[in-house]
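Numbers restart at 1 for each chain; the letters A, B, ... are given by sequence-line order, proteins then strands.
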Amino acid sequence: MIELDERMQRLAESIELPPTTPEDDLARGRARRRHRNLGALGAGLTTAVVIGTCVVLLSAGSGNRGAGPDIAGQPSATAGSEDDAARSRAAAEAALRDEHARAAAQAQLEAEQHHLMGVADSRITQLLDDYRDILREDLDPGGTRIQTDPITNRQGADQTLGTKLDWNHGGLLQVAVGRTLDEVQFFCDGACTHRSVPGATDALVLRSGTAISVAVFQEDGDVVALTADTSFGNNGTSTQSLGLSVDELLAAAADPRLQAPVAGSGSSPSPPGP
Amino acid sequence: MFDSFRHEDRDGPFVEYVAARRAVLYRTAYLICGDAHRADDLVQVALAKAYVAWPRLARVGNVDAYVRRILVNAHVDETRRGWRRERPGLPEIDEPAPVPRGEDNEELWAALRALAPGQRRAVVLRHYWGLSVEETAADLGVSPGTVKSQTSDALARLRRALSEAGTGADHDRAR
(Lines give C-alpha, C1' and ligand atoms only; values in the text may rest on other atoms or scores of the structure.)
Protein backbone atom coordinates (compact mmCIF):
# COMPACT_ATOMS: atom_id res chain seq x y z
CA MET A 1 0.00 0.00 0.00
CA ILE A 2 2.78 2.39 0.94
CA GLU A 3 4.62 1.31 -2.18
CA LEU A 4 1.59 2.24 -4.26
CA ASP A 5 1.40 5.64 -2.56
CA GLU A 6 5.04 6.26 -3.37
CA ARG A 7 4.66 5.10 -6.96
CA MET A 8 1.60 7.30 -7.37
CA GLN A 9 3.60 10.26 -6.10
CA ARG A 10 6.45 9.52 -8.51
CA LEU A 11 4.00 9.07 -11.39
CA ALA A 12 2.28 12.37 -10.57
CA GLU A 13 5.58 14.21 -10.21
CA SER A 14 6.60 13.08 -13.69
CA ILE A 15 3.53 14.65 -15.32
CA GLU A 16 4.50 17.74 -17.25
CA LEU A 17 2.64 20.87 -16.21
CA PRO A 18 0.98 23.20 -18.72
CA PRO A 19 2.47 26.70 -19.05
CA THR A 20 -0.40 28.43 -17.26
CA THR A 21 0.14 31.31 -14.86
CA PRO A 22 -1.99 32.12 -11.80
CA GLU A 23 -2.94 35.36 -13.57
CA ASP A 24 -4.66 33.29 -16.29
CA ASP A 25 -6.77 31.58 -13.64
CA LEU A 26 -7.43 34.93 -12.02
CA ALA A 27 -8.73 36.33 -15.31
CA ARG A 28 -10.98 33.30 -15.81
CA GLY A 29 -12.28 33.59 -12.25
CA ARG A 30 -13.08 37.26 -12.71
CA ALA A 31 -14.89 36.54 -15.98
CA ARG A 32 -16.95 33.84 -14.31
CA ARG A 33 -17.81 36.17 -11.41
CA ARG A 34 -18.89 38.94 -13.80
CA HIS A 35 -21.06 36.48 -15.67
CA ARG A 36 -22.68 35.25 -12.45
CA ASN A 37 -23.25 38.78 -11.13
CA LEU A 38 -24.95 39.84 -14.35
CA GLY A 39 -27.32 36.88 -14.05
CA ALA A 40 -28.07 37.77 -10.43
CA LEU A 41 -28.66 41.41 -11.38
CA GLY A 42 -31.22 40.40 -14.01
CA ALA A 43 -33.03 38.13 -11.55
CA GLY A 44 -33.01 40.89 -8.91
CA LEU A 45 -34.50 43.44 -11.29
CA THR A 46 -37.25 41.06 -12.29
CA THR A 47 -38.07 40.38 -8.64
CA ALA A 48 -38.13 44.11 -7.85
CA VAL A 49 -40.53 44.82 -10.71
CA VAL A 50 -42.86 42.00 -9.66
CA ILE A 51 -42.87 43.12 -6.01
CA GLY A 52 -43.41 46.75 -7.03
CA THR A 53 -46.36 45.82 -9.19
CA CYS A 54 -47.90 43.77 -6.38
CA VAL A 55 -47.50 46.64 -3.92
CA VAL A 56 -49.23 49.06 -6.28
CA LEU A 57 -52.08 46.67 -6.95
CA LEU A 58 -52.59 46.02 -3.23
CA SER A 59 -52.48 49.75 -2.43
CA ALA A 60 -55.04 50.49 -5.10
CA GLY A 61 -57.24 47.67 -3.81
CA SER A 62 -57.16 48.92 -0.19
CA GLY A 63 -57.81 52.51 -1.39
CA ASN A 64 -61.00 51.42 -3.10
CA ARG A 65 -62.19 49.63 0.02
CA GLY A 66 -61.52 52.70 2.20
CA ALA A 67 -63.45 55.02 -0.12
CA GLY A 68 -66.47 52.73 -0.26
CA PRO A 69 -69.62 52.83 1.84
CA ASP A 70 -69.31 52.40 5.61
CA ILE A 71 -70.50 48.89 6.19
CA ALA A 72 -70.66 49.20 9.99
CA GLY A 73 -73.04 52.21 9.72
CA GLN A 74 -72.08 53.72 13.11
CA PRO A 75 -72.81 57.46 13.74
CA SER A 76 -69.14 58.50 13.96
CA ALA A 77 -68.21 56.50 10.90
CA THR A 78 -68.89 59.19 8.27
CA ALA A 79 -66.09 61.54 9.33
CA GLY A 80 -63.80 58.57 9.85
CA SER A 81 -64.62 57.25 6.39
CA GLU A 82 -63.74 60.59 4.79
CA ASP A 83 -60.39 60.64 6.59
CA ASP A 84 -59.77 57.04 5.59
CA ALA A 85 -60.71 57.82 2.00
CA ALA A 86 -58.37 60.83 1.92
CA ARG A 87 -55.54 58.80 3.38
CA SER A 88 -56.19 55.98 0.93
CA ARG A 89 -56.24 58.40 -2.02
CA ALA A 90 -52.96 59.94 -0.87
CA ALA A 91 -51.43 56.49 -0.46
CA ALA A 92 -52.67 55.43 -3.88
CA GLU A 93 -51.31 58.62 -5.48
CA ALA A 94 -47.95 58.10 -3.76
CA ALA A 95 -47.89 54.49 -4.91
CA LEU A 96 -48.76 55.62 -8.43
CA ARG A 97 -45.91 58.16 -8.39
CA ASP A 98 -43.56 55.45 -7.13
CA GLU A 99 -44.74 53.13 -9.83
CA HIS A 100 -44.26 55.81 -12.50
CA ALA A 101 -40.75 56.46 -11.24
CA ARG A 102 -40.06 52.74 -11.17
CA ALA A 103 -41.48 52.27 -14.63
CA ALA A 104 -39.39 55.16 -15.96
CA ALA A 105 -36.24 53.71 -14.42
CA GLN A 106 -37.09 50.29 -15.78
CA ALA A 107 -37.75 51.73 -19.24
CA GLN A 108 -34.42 53.54 -19.17
CA LEU A 109 -32.64 50.37 -18.08
CA GLU A 110 -34.35 48.35 -20.78
CA ALA A 111 -33.44 50.98 -23.36
CA GLU A 112 -29.80 50.83 -22.28
CA GLN A 113 -29.85 47.05 -22.31
CA HIS A 114 -31.50 47.09 -25.71
CA HIS A 115 -28.82 49.43 -27.00
CA LEU A 116 -26.04 47.26 -25.58
CA MET A 117 -27.66 44.12 -26.96
CA GLY A 118 -27.95 45.79 -30.34
CA VAL A 119 -24.26 46.66 -30.31
CA ALA A 120 -23.34 43.15 -29.16
CA ASP A 121 -25.73 41.66 -31.68
CA SER A 122 -24.18 43.45 -34.65
CA ARG A 123 -20.70 42.53 -33.41
CA ILE A 124 -21.64 38.85 -33.16
CA THR A 125 -23.19 38.91 -36.61
CA GLN A 126 -20.01 40.43 -38.00
CA LEU A 127 -17.83 37.84 -36.22
CA LEU A 128 -19.86 34.95 -37.60
CA ASP A 129 -19.78 36.41 -41.10
CA ASP A 130 -16.01 36.69 -40.78
CA TYR A 131 -15.73 33.07 -39.63
CA ARG A 132 -17.79 31.98 -42.62
CA ASP A 133 -15.67 34.04 -45.04
CA ILE A 134 -12.45 32.63 -43.63
CA LEU A 135 -13.76 29.06 -43.92
CA ARG A 136 -14.91 29.74 -47.46
CA GLU A 137 -11.40 30.86 -48.39
CA ASP A 138 -9.83 27.84 -46.73
CA LEU A 139 -12.29 25.08 -47.64
CA ASP A 140 -14.41 26.32 -50.52
CA PRO A 141 -12.53 28.85 -52.65
CA GLY A 142 -15.12 28.45 -55.42
CA GLY A 143 -17.86 29.42 -52.99
CA THR A 144 -20.22 26.73 -54.24
CA ARG A 145 -20.50 24.57 -51.14
CA ILE A 146 -20.56 26.80 -48.07
CA GLN A 147 -23.77 28.54 -46.97
CA THR A 148 -24.27 31.94 -48.55
CA ASP A 149 -27.61 32.76 -46.93
CA PRO A 150 -27.52 35.01 -43.86
CA ILE A 151 -26.34 33.18 -40.75
CA THR A 152 -29.19 32.61 -38.31
CA ASN A 153 -27.67 30.04 -35.95
CA ARG A 154 -25.51 31.24 -33.06
CA GLN A 155 -23.84 29.25 -30.35
CA GLY A 156 -21.65 30.12 -27.40
CA ALA A 157 -21.39 32.73 -24.69
CA ASP A 158 -18.86 35.10 -23.19
CA GLN A 159 -15.58 34.15 -24.86
CA THR A 160 -16.92 31.48 -27.21
CA LEU A 161 -18.72 31.83 -30.48
CA GLY A 162 -19.82 29.41 -33.15
CA THR A 163 -22.44 28.56 -35.70
CA LYS A 164 -23.73 25.79 -37.93
CA LEU A 165 -23.46 26.38 -41.65
CA ASP A 166 -25.01 24.48 -44.52
CA TRP A 167 -22.33 22.57 -46.39
CA ASN A 168 -22.63 21.26 -49.92
CA HIS A 169 -26.42 21.71 -50.05
CA GLY A 170 -27.71 19.70 -47.09
CA GLY A 171 -24.60 18.81 -45.09
CA LEU A 172 -23.21 20.53 -42.00
CA LEU A 173 -20.12 22.56 -41.28
CA GLN A 174 -20.02 23.61 -37.64
CA VAL A 175 -17.45 26.03 -36.28
CA ALA A 176 -16.80 27.02 -32.67
CA VAL A 177 -13.98 29.23 -31.43
CA GLY A 178 -13.14 29.59 -27.75
CA ARG A 179 -10.36 29.17 -25.25
CA THR A 180 -10.89 25.60 -24.05
CA LEU A 181 -12.25 22.31 -25.33
CA ASP A 182 -15.18 22.65 -22.93
CA GLU A 183 -16.07 26.05 -24.33
CA VAL A 184 -16.15 24.76 -27.89
CA GLN A 185 -18.02 21.64 -26.72
CA PHE A 186 -15.41 19.24 -28.07
CA PHE A 187 -15.37 16.04 -26.04
CA CYS A 188 -12.97 13.15 -26.66
CA ASP A 189 -13.13 10.84 -23.66
CA GLY A 190 -10.17 8.92 -24.99
CA ALA A 191 -11.53 8.49 -28.53
CA CYS A 192 -9.51 11.30 -30.13
CA THR A 193 -6.25 11.04 -31.95
CA HIS A 194 -3.53 13.64 -31.72
CA ARG A 195 -2.20 15.22 -34.89
CA SER A 196 0.59 17.61 -35.62
CA VAL A 197 -0.49 20.75 -37.47
CA PRO A 198 1.70 23.68 -38.50
CA GLY A 199 0.89 26.77 -36.50
CA ALA A 200 -0.80 24.83 -33.71
CA THR A 201 0.43 23.50 -30.40
CA ASP A 202 -1.79 20.43 -30.69
CA ALA A 203 -4.69 19.09 -32.69
CA LEU A 204 -7.31 16.43 -32.07
CA VAL A 205 -9.32 14.39 -34.54
CA LEU A 206 -12.52 12.53 -33.80
CA ARG A 207 -14.70 10.51 -36.17
CA SER A 208 -18.24 9.54 -35.35
CA GLY A 209 -20.38 7.92 -37.99
CA THR A 210 -20.56 10.29 -40.93
CA ALA A 211 -19.04 13.18 -38.97
CA ILE A 212 -15.45 14.34 -38.82
CA SER A 213 -14.53 16.66 -35.95
CA VAL A 214 -11.24 18.42 -35.39
CA ALA A 215 -10.06 20.70 -32.62
CA VAL A 216 -6.92 22.78 -33.05
CA PHE A 217 -5.04 24.54 -30.27
CA GLN A 218 -3.71 27.65 -31.92
CA GLU A 219 -0.47 29.16 -30.71
CA ASP A 220 -2.23 32.23 -29.31
CA GLY A 221 -4.30 30.03 -26.98
CA ASP A 222 -7.52 29.94 -29.00
CA VAL A 223 -9.20 26.60 -29.61
CA VAL A 224 -11.01 26.12 -32.91
CA ALA A 225 -13.36 23.17 -33.39
CA LEU A 226 -14.78 22.23 -36.78
CA THR A 227 -17.28 19.47 -37.46
CA ALA A 228 -18.28 18.38 -40.93
CA ASP A 229 -21.12 15.95 -41.41
CA THR A 230 -23.08 14.74 -44.41
CA SER A 231 -26.26 15.21 -42.33
CA PHE A 232 -27.37 18.50 -40.82
CA GLY A 233 -29.08 16.81 -37.88
CA ASN A 234 -32.02 18.91 -36.76
CA ASN A 235 -32.71 20.16 -40.26
CA GLY A 236 -33.20 16.63 -41.54
CA THR A 237 -31.18 17.43 -44.67
CA SER A 238 -28.11 15.65 -45.98
CA THR A 239 -25.60 15.74 -48.78
CA GLN A 240 -24.08 12.95 -50.84
CA SER A 241 -20.51 13.76 -49.97
CA LEU A 242 -18.54 16.21 -47.88
CA GLY A 243 -15.59 16.52 -50.21
CA LEU A 244 -13.48 17.42 -47.20
CA SER A 245 -10.50 15.63 -45.72
CA VAL A 246 -9.28 15.63 -42.14
CA ASP A 247 -6.15 17.49 -43.25
CA GLU A 248 -8.21 20.23 -44.90
CA LEU A 249 -10.30 20.67 -41.78
CA LEU A 250 -7.19 20.75 -39.58
CA ALA A 251 -5.55 23.35 -41.80
CA ALA A 252 -8.69 25.51 -41.76
CA ALA A 253 -9.04 25.23 -37.98
CA ALA A 254 -5.40 26.29 -37.64
CA ASP A 255 -6.08 29.52 -39.57
CA PRO A 256 -4.88 32.20 -37.13
CA ARG A 257 -7.57 34.59 -38.37
CA LEU A 258 -10.16 32.50 -36.52
CA GLN A 259 -10.01 34.20 -33.16
CA ALA A 260 -12.15 33.75 -30.08
CA PRO A 261 -14.26 36.75 -29.11
CA VAL A 262 -12.98 38.61 -26.10
CA ALA A 263 -15.80 39.54 -23.75
CA GLY A 264 -16.41 43.29 -23.74
CA SER A 265 -13.39 44.21 -25.81
CA GLY A 266 -15.13 44.38 -29.15
CA SER A 267 -12.35 42.40 -30.81
CA SER A 268 -13.02 40.55 -34.00
CA PRO A 269 -11.11 38.07 -36.10
CA SER A 270 -8.71 39.37 -38.68
CA PRO A 271 -10.70 40.12 -41.79
CA PRO A 272 -10.39 37.58 -44.57
CA GLY A 273 -8.17 38.47 -47.51
CA PRO A 274 -9.49 39.62 -50.84
CA MET B 1 -27.13 40.61 -3.76
CA PHE B 2 -23.43 40.43 -4.46
CA ASP B 3 -20.78 39.43 -2.00
CA SER B 4 -19.01 42.39 -0.55
CA PHE B 5 -15.48 41.09 -1.23
CA ARG B 6 -13.61 43.53 -3.39
CA HIS B 7 -11.23 42.35 -6.12
CA GLU B 8 -8.12 43.15 -4.11
CA ASP B 9 -9.47 41.25 -1.09
CA ARG B 10 -9.70 38.01 -2.95
CA ASP B 11 -7.17 38.37 -5.76
CA GLY B 12 -4.04 38.20 -3.62
CA PRO B 13 -4.97 35.09 -1.63
CA PHE B 14 -6.39 33.44 -4.76
CA VAL B 15 -3.23 33.98 -6.78
CA GLU B 16 -1.15 32.70 -3.86
CA TYR B 17 -3.31 29.61 -3.64
CA VAL B 18 -3.14 28.93 -7.38
CA ALA B 19 0.63 29.40 -7.43
CA ALA B 20 1.00 26.92 -4.58
CA ARG B 21 -1.59 24.30 -5.49
CA ARG B 22 -2.22 24.33 -9.23
CA ALA B 23 0.41 21.69 -9.96
CA VAL B 24 -1.14 19.23 -7.51
CA LEU B 25 -4.62 19.90 -8.85
CA TYR B 26 -3.50 19.48 -12.46
CA ARG B 27 -1.72 16.24 -11.67
CA THR B 28 -4.82 14.97 -9.88
CA ALA B 29 -6.96 15.80 -12.88
CA TYR B 30 -4.45 14.21 -15.24
CA LEU B 31 -4.33 10.99 -13.21
CA ILE B 32 -8.12 10.87 -13.14
CA CYS B 33 -8.90 11.64 -16.78
CA GLY B 34 -5.66 10.67 -18.53
CA ASP B 35 -5.66 13.57 -20.96
CA ALA B 36 -3.63 16.75 -20.71
CA HIS B 37 -6.19 19.05 -22.32
CA ARG B 38 -9.12 17.72 -20.37
CA ALA B 39 -7.10 17.89 -17.18
CA ASP B 40 -6.36 21.54 -17.85
CA ASP B 41 -10.03 22.20 -18.57
CA LEU B 42 -11.08 20.54 -15.32
CA VAL B 43 -8.59 22.58 -13.30
CA GLN B 44 -9.56 25.82 -15.03
CA VAL B 45 -13.24 25.25 -14.26
CA ALA B 46 -12.53 24.29 -10.66
CA LEU B 47 -10.33 27.33 -10.02
CA ALA B 48 -12.76 29.74 -11.69
CA LYS B 49 -15.53 28.43 -9.43
CA ALA B 50 -13.23 28.71 -6.44
CA TYR B 51 -12.54 32.36 -7.27
CA VAL B 52 -16.26 33.13 -7.32
CA ALA B 53 -16.78 31.34 -3.99
CA TRP B 54 -13.57 32.72 -2.44
CA PRO B 55 -15.13 34.80 0.37
CA ARG B 56 -17.01 31.74 1.62
CA LEU B 57 -13.96 29.50 1.17
CA ALA B 58 -11.79 31.99 3.04
CA ARG B 59 -14.20 31.82 5.95
CA VAL B 60 -14.48 28.04 5.96
CA GLY B 61 -10.78 27.54 5.39
CA ASN B 62 -10.49 24.29 3.42
CA VAL B 63 -10.01 25.49 -0.14
CA ASP B 64 -8.29 22.29 -1.23
CA ALA B 65 -11.30 20.16 -0.37
CA TYR B 66 -13.66 22.50 -2.24
CA VAL B 67 -11.55 22.64 -5.40
CA ARG B 68 -10.88 18.92 -5.30
CA ARG B 69 -14.61 18.19 -5.09
CA ILE B 70 -15.39 20.42 -8.04
CA LEU B 71 -12.65 18.72 -10.00
CA VAL B 72 -13.90 15.24 -9.21
CA ASN B 73 -17.54 16.15 -9.80
CA ALA B 74 -16.70 17.69 -13.16
CA HIS B 75 -15.05 14.42 -14.13
CA VAL B 76 -18.07 12.46 -12.88
CA ASP B 77 -20.32 14.64 -15.04
CA GLU B 78 -18.11 14.01 -18.03
CA THR B 79 -18.06 10.27 -17.71
CA ARG B 80 -21.85 10.17 -17.26
CA ARG B 81 -22.44 11.70 -20.69
CA GLY B 82 -22.90 8.48 -22.59
CA TRP B 83 -22.90 9.98 -26.04
CA ARG B 84 -19.23 10.80 -25.76
CA ARG B 85 -18.34 7.18 -25.27
CA GLU B 86 -20.18 6.15 -28.40
CA ARG B 87 -17.69 7.90 -30.66
CA PRO B 88 -15.21 5.49 -32.12
CA GLY B 89 -11.61 6.47 -32.70
CA LEU B 90 -9.42 5.89 -35.70
CA PRO B 91 -7.39 2.75 -34.98
CA GLU B 92 -4.99 3.39 -37.82
CA ILE B 93 -3.80 6.69 -36.44
CA ASP B 94 -4.66 6.29 -32.76
CA GLU B 95 -1.92 7.42 -30.45
CA PRO B 96 -1.93 6.50 -26.78
CA ALA B 97 -2.07 9.25 -24.20
CA PRO B 98 1.47 10.44 -23.45
CA VAL B 99 3.05 8.35 -20.71
CA PRO B 100 4.57 10.30 -17.84
CA ARG B 101 8.34 9.94 -17.89
CA GLY B 102 10.03 7.61 -15.42
CA GLU B 103 11.35 4.11 -15.05
CA ASP B 104 8.35 2.33 -13.56
CA ASN B 105 5.72 4.88 -14.43
CA GLU B 106 4.70 3.24 -17.65
CA GLU B 107 3.31 0.12 -15.99
CA LEU B 108 1.41 2.00 -13.30
CA TRP B 109 0.07 4.47 -15.84
CA ALA B 110 -1.24 1.68 -18.07
CA ALA B 111 -2.77 -0.12 -15.08
CA LEU B 112 -4.39 3.07 -13.84
CA ARG B 113 -5.83 3.86 -17.27
CA ALA B 114 -7.36 0.38 -17.40
CA LEU B 115 -9.43 1.02 -14.26
CA ALA B 116 -13.05 2.15 -14.42
CA PRO B 117 -13.40 5.94 -13.94
CA GLY B 118 -14.97 5.55 -10.47
CA GLN B 119 -12.21 3.24 -9.31
CA ARG B 120 -9.57 5.58 -10.71
CA ARG B 121 -11.04 8.51 -8.80
CA ALA B 122 -11.09 6.50 -5.58
CA VAL B 123 -7.51 5.31 -6.02
CA VAL B 124 -6.21 8.80 -6.83
CA LEU B 125 -7.91 10.37 -3.83
CA ARG B 126 -6.85 7.60 -1.46
CA HIS B 127 -3.31 7.02 -2.68
CA TYR B 128 -2.21 10.29 -4.28
CA TRP B 129 -3.97 12.69 -1.92
CA GLY B 130 -3.74 10.29 1.00
CA LEU B 131 -7.35 10.86 2.03
CA SER B 132 -9.15 8.59 4.46
CA VAL B 133 -12.09 6.45 3.36
CA GLU B 134 -14.49 8.96 4.91
CA GLU B 135 -12.85 11.97 3.27
CA THR B 136 -12.84 10.20 -0.09
CA ALA B 137 -16.51 9.29 0.34
CA ALA B 138 -17.33 12.92 1.10
CA ASP B 139 -15.45 14.11 -1.99
CA LEU B 140 -17.09 11.58 -4.27
CA GLY B 141 -20.53 11.93 -2.72
CA VAL B 142 -20.82 8.18 -2.08
CA SER B 143 -20.90 6.00 1.03
CA PRO B 144 -17.70 4.85 2.76
CA GLY B 145 -18.70 1.29 1.87
CA THR B 146 -18.69 2.16 -1.82
CA VAL B 147 -15.25 3.73 -1.51
CA LYS B 148 -13.95 0.63 0.26
CA SER B 149 -15.30 -1.75 -2.35
CA GLN B 150 -14.12 0.42 -5.26
CA THR B 151 -10.67 0.83 -3.78
CA SER B 152 -10.38 -2.85 -2.94
CA ASP B 153 -11.38 -3.94 -6.42
CA ALA B 154 -9.13 -1.31 -8.00
CA LEU B 155 -6.12 -2.36 -5.93
CA ALA B 156 -6.66 -6.00 -6.85
CA ARG B 157 -6.71 -5.04 -10.52
CA LEU B 158 -3.66 -2.83 -10.14
CA ARG B 159 -1.72 -5.59 -8.36
CA ARG B 160 -2.65 -8.08 -11.04
CA ALA B 161 -1.72 -5.73 -13.86
CA LEU B 162 1.56 -4.68 -12.26
CA SER B 163 2.45 -8.25 -11.46
CA GLU B 164 1.77 -9.34 -15.05
CA ALA B 165 3.80 -6.42 -16.34
CA GLY B 166 6.62 -7.30 -13.94
CA THR B 167 6.57 -10.92 -15.09
CA GLY B 168 6.67 -9.79 -18.68
CA ALA B 169 9.58 -7.49 -17.99
CA ASP B 170 11.47 -10.25 -16.12
CA HIS B 171 10.79 -12.59 -19.00
CA ASP B 172 12.15 -10.03 -21.47
CA ARG B 173 15.24 -9.47 -19.37
CA ALA B 174 15.85 -13.26 -19.13
CA ARG B 175 15.80 -13.62 -22.90
Side-chain angles (χ1 to χ4, degrees), chain A residues 1-18 20-37 40-41 43-44 47 179-183 186-195 202 204-209 211-213 215 217 223 246, chain B residues 1-2 7 10-11 14-19 22-24 26-28 30-31 33-41 43-45 47-52 54 78-79 81 83-90 93-95 97-98 100-102 104-105 108-109 112-113 123-124 127-128 130 155 158:
Chain A
M1 199 77 81
I2 292 171
E3 190 206 359
L4 177 62
D5 289 3
E6 289 170 355
R7 287 187 71 172
M8 286 285 283
Q9 293 294 338
R10 283 202 299 274
L11 176 65
E13 289 299 318
S14 67
I15 293 169
E16 287 183 27
L17 300 175
T20 309
T21 65
E23 285 69 29
D24 295 336
D25 288 307
L26 182 63
R28 279 187 284 269
R30 282 177 173 170
R32 189 180 186 92
R33 185 164 170 249
R34 270 198 306 274
H35 197 69
R36 195 197 65 151
N37 285 351
L41 179 64
T47 307
R179 303 288 291 179
T180 66
L181 284 179
D182 255 350
E183 285 182 356
F186 192 94
F187 305 117
C188 288
D189 200 30
C192 285
T193 56
H194 290 268
R195 293 285 296 270
D202 195 6
L204 299 166
V205 176
L206 183 67
R207 278 185 190 262
S208 173
I212 307 171
S213 299
F217 294 78
V223 180
V246 169
Chain B
M1 192 185 313
F2 306 130
H7 268 323
R10 73 173 81 198
D11 287 4
F14 177 79
V15 167
E16 277 176 27
Y17 174 78
V18 173
R22 195 179 208 285
V24 173
Y26 176 78
R27 284 171 174 143
T28 304
Y30 195 102
L31 289 173
C33 74
D35 181 280
H37 298 302
R38 301 229 44 85
D40 206 24
D41 278 2
V43 174
Q44 285 179 17
V45 169
L47 289 175
K49 286 184 177 177
Y51 179 82
V52 174
W54 196 262
E78 263 188 17
T79 50
R81 291 178 202 160
W83 57 270
R84 284 187 195 163
R85 292 194 296 272
E86 291 167 11
R87 297 184 169 185
L90 292 173
I93 53 173
D94 264 352
E95 293 170 16
R101 286 194 293 264
D104 58 354
N105 286 339
L108 180 57
W109 180 245
L112 202 59
R113 295 283 298 141
V123 167
V124 170
H127 295 281
Y128 176 54
L155 290 181
L158 282 177

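- In this structure, A:Asp24 and B:Val18 have side chains that are not in contact, with every pair of non-hydrogen atoms separated by 4.5 Å or more.
- Interface remark: B:Phe14 contributes side-chain atoms only to the contact with chain A (heavy atom separation under 4.5 Å).
- Using a 4.5 Å heavy-atom threshold, the side chains of A:Arg33 and B:Tyr51 count as touching.
- Of the two parts of B:Leu47, only the side chain, counted from C-beta on, holds a non-hydrogen atom closer than 4.5 Å to a non-hydrogen atom of chain A.
- For the pair B:Val43/A:Thr20, no side-chain contact is recorded, criterion being any heavy-atom separation below 4.5 Å from C-beta on.
- Ranked by heavy-atom pairs under 4.5 Å with chain B, the list A:Glu13, A:Arg179, A:Glu183 is led by A:Glu13.
- Two residues are said to be in side-chain contact when any heavy atoms from C-beta on lie closer than 4.5 Å; A:Leu17 and B:Arg27 meet this criterion.
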Candidate pair B:Asp35 and A:His194, rule side chain to side chain contact (heavy atoms under 4.5 Å, CB included), full reasoning: CA-CA 11 Å; B:Asp35 181 280; A:His194 290 268; 4.3 Å; yes
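- Between B:Asp11 and A:Leu26 there is a side-chain heavy-atom pair separated by less than 4.5 Å.
- The backbone N or O of B:Asp41 sits nowhere less than 3.5 Å from a side-chain atom of A:Asp182 that would complete a donor-acceptor pair.
- For the atom pair A:Asp25 CG and B:Arg22 CZ, the distance stands at 4.0 Å (nearest 0.5 Å).
- Taking both residues in full, the closest heavy atoms of B:Tyr26 and A:Glu16 are given as CE2-O, 3.3 Å, listed atom of the first, atom of the second, then distance.
- For B:Val24, no part lies near chain A; criterion is any non-hydrogen pair under 4.5 Å.
- The heavy-atom pair separating B:His127 from A:Met8 by the smallest distance is O-CB, 3.8 Å.
- Considering every non-hydrogen atom in both A:Ala12 and B:Tyr128, the closest pair reads CB-CE1, 3.2 Å.
- Closest of all the heavy-atom pairs between A:Leu181 and B:His37 is CD1-CB, 3.7 Å.
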